[in-house]
Amino acid sequence: MEKECIELDSYQITAYFWVNTIRNKVKEIFGYGVSEKLEEDFFSIFSELDEIGWRNLYLSLEKRIYDDVNSYVLKGKDCDIDMFSQDTDCKGHKHLNKELSLIMGKRVPDICLADNDSKDTVIYTSSNSVYVWYKSSDVRKLNNKYESTFILTGDMAKLYFYNLVLATFVSIKDIDKDFNQFNIFKDVFCEKYACENDISTKQVLCVFNETMDLLLEREIVSLYQSTYFLGYNALDLVGIDDYLEKGREFAKCVLGKYDFCRKKEIIC
């Protein structure tokens, strides 16, 4: 199934670039640990954000980048690109840090935002285009079409569904760590959700498949034939506390169906 794409303007592209850059840095620090006190402080600020928090950060940055670009005065430097810019390297994004500090209500420390195994980049923004200079290679114009995500759309219905699926996986692991039958999970979850919300199972299955694509992409869930494996961490679970009670209810239904199949020696 072809994924839905959204067309962004230059301010949105730049805001989305920085949100993804910051989010990737948080994941990297979580995985490899902090190398300095500044990284620890940076992590403590942004690791608390759930999907709604990341979307709010995106929306706030979009407004500020709009103002930055439209108030930018040409510096008259002898360079090929003279547009509002910020660098991922230390001291190269002071303006961004100042804006992030205002948005977050905390002083955001200055750290390198590039991945440890990547060169730094500079992002240039005008009112109608965005370019990125990859210091390891060349300058490229960024595309204006992006896959639909909650950060870009704010679709609360899809976010609820995503969190409920994840909460159900987590609850099943808590109740029965050996259960891993994906087809039973999918069938029972979709049937129960459809029944509770008075919609067709076919409609639910479409959203479920989209959700699974995202969970697989984030490596929270992996599949081998009809068996699933979980690989989530604490960052992946930020924001699902309010869904755990409902997730446990769904989990019990899934496990109930599994027990029934085993007792009746039915292959589901």
Side-chain angles (χ1 to χ4, degrees), residues 1-4 23 26-27 30-31 47-55 147-268:
M1 184 175 64
E2 188 175 346
K3 292 186 177 181
E4 178 187 356
R23 196 168 192 177
V26 169
K27 291 177 181 177
F30 180 83
S47 62
E48 298 177 355
L49 294 180
D50 58 8
E51 290 296 311
I52 294 175
W54 287 112
R55 172 162 169 79
E147 288 183 8
S148 173
T149 65
F150 175 77
I151 290 175
L152 297 179
T153 66
D155 189 327
M156 292 299 294
K158 285 189 176 180
L159 178 63
Y160 175 87
F161 193 94
Y162 173 90
N163 282 330
L164 182 56
V165 171
L166 180 54
T168 303
F169 274 123
V170 171
S171 297
I172 287 176
K173 185 177 181 181
D174 184 51
I175 299 170
D176 182 356
K177 62 182 177 60
D178 295 323
F179 177 82
N180 58 9
Q181 301 300 302
F182 179 70
N183 289 339
I184 294 178
F185 181 100
K186 178 178 66 175
D187 291 346
V188 175
F189 186 97
C190 291
E191 287 172 9
K192 182 173 173 58
Y193 192 92
C195 181
E196 289 191 356
N197 293 276
D198 194 26
I199 54 179
S200 72
T201 304
K202 186 177 180 180
Q203 286 177 282
V204 178
L205 187 58
C206 287
V207 183
F208 181 87
N209 289 337
E210 288 180 18
T211 300
M212 280 305 304
D213 285 344
L214 185 54
L215 289 168
L216 291 167
E217 181 183 316
R218 293 177 173 178
E219 299 181 342
I220 294 172
V221 181
S222 58
L223 290 176
Y224 177 72
Q225 296 179 349
S226 62
T227 301
Y228 75 79
F229 305 90
L230 299 179
Y232 57 78
N233 57 49
L235 285 181
D236 297 321
L237 303 184
V238 174
I240 74 159
D241 286 354
D242 292 340
Y243 299 81
L244 289 175
E245 183 177 350
K246 190 69 174 176
R248 192 172 183 84
E249 178 187 320
F250 273 68
K252 288 179 178 178
C253 290
V254 172
L255 294 174
K257 177 64 176 293
Y258 178 56
D259 288 340
F260 174 80
C261 289
R262 285 193 301 177
K263 288 175 183 177
K264 297 293 184 180
E265 296 183 348
I266 297 174
I267 300 176
C268 298

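If you read the sequence from its start, that first residue is 1, and numbering goes on from there. Since this is a predicted model, take the numbers as computed values, not measurements.
Within the cation-pi definition used here (under 6.0 Å to the ring centroid, within 45° of the axis), Lys192 qualifies as a partner of Phe250.
Here the shortest heavy-atom pairing between Trp54 and Leu49 reads NE1-O, 3.4 Å. In this structure, Asp236 and Gly231 approach most closely via the heavy-atom pair OD2-O, 4.3 Å. Closest heavy-atom contact between Leu205 and Lys186: CD1-CD, 3.8 Å. Here the closest heavy-atom approach between residue Leu164 and residue Gly247 is recorded as CD1-N, 3.8 Å. The two residues Phe185 and Thr168 make their nearest non-hydrogen contact at CE1-CG2, 3.6 Å. For the residue pair Met212 and Val221, the shortest heavy atom distance occurs at CE-CG1, 4.0 Å.
Ring geometry for Tyr160 against Tyr243 counts as tilted: the plane angle lies between 30° and 60°, on a 0 to 90° scale.
The aromatic ring centres of Phe182 and Tyr224 sit 6.0 Å or more apart.
The pair Lys27-Glu219 does not count as a salt bridge, with every side-chain nitrogen at least 4.0 angstrom from each carboxylate oxygen. For Glu196 and Lys246, the salt-bridge test passes: some basic side-chain N is under 4.0 Å from an acidic carboxylate O.
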Set out, in order, the CA-CA distance, both residues' side-chain angles and the distance that settles ring-ring contact (aromatic ring centres under 6.0 Å, His included) for Phe208 and Tyr193, then state yes or no. CA-CA 10 Å; Phe208 181 87; Tyr193 192 92; over 10 Å; no
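No side-chain heavy atom of Ile220 sits under 4.5 Å from any side-chain heavy atom of Phe169.
Sequence neighbours left out, the pairs with a member in residues 172-184 that pass salt bridge (Lys or Arg N to Asp or Glu O under 4.0 Å) are Asp174-Arg248.
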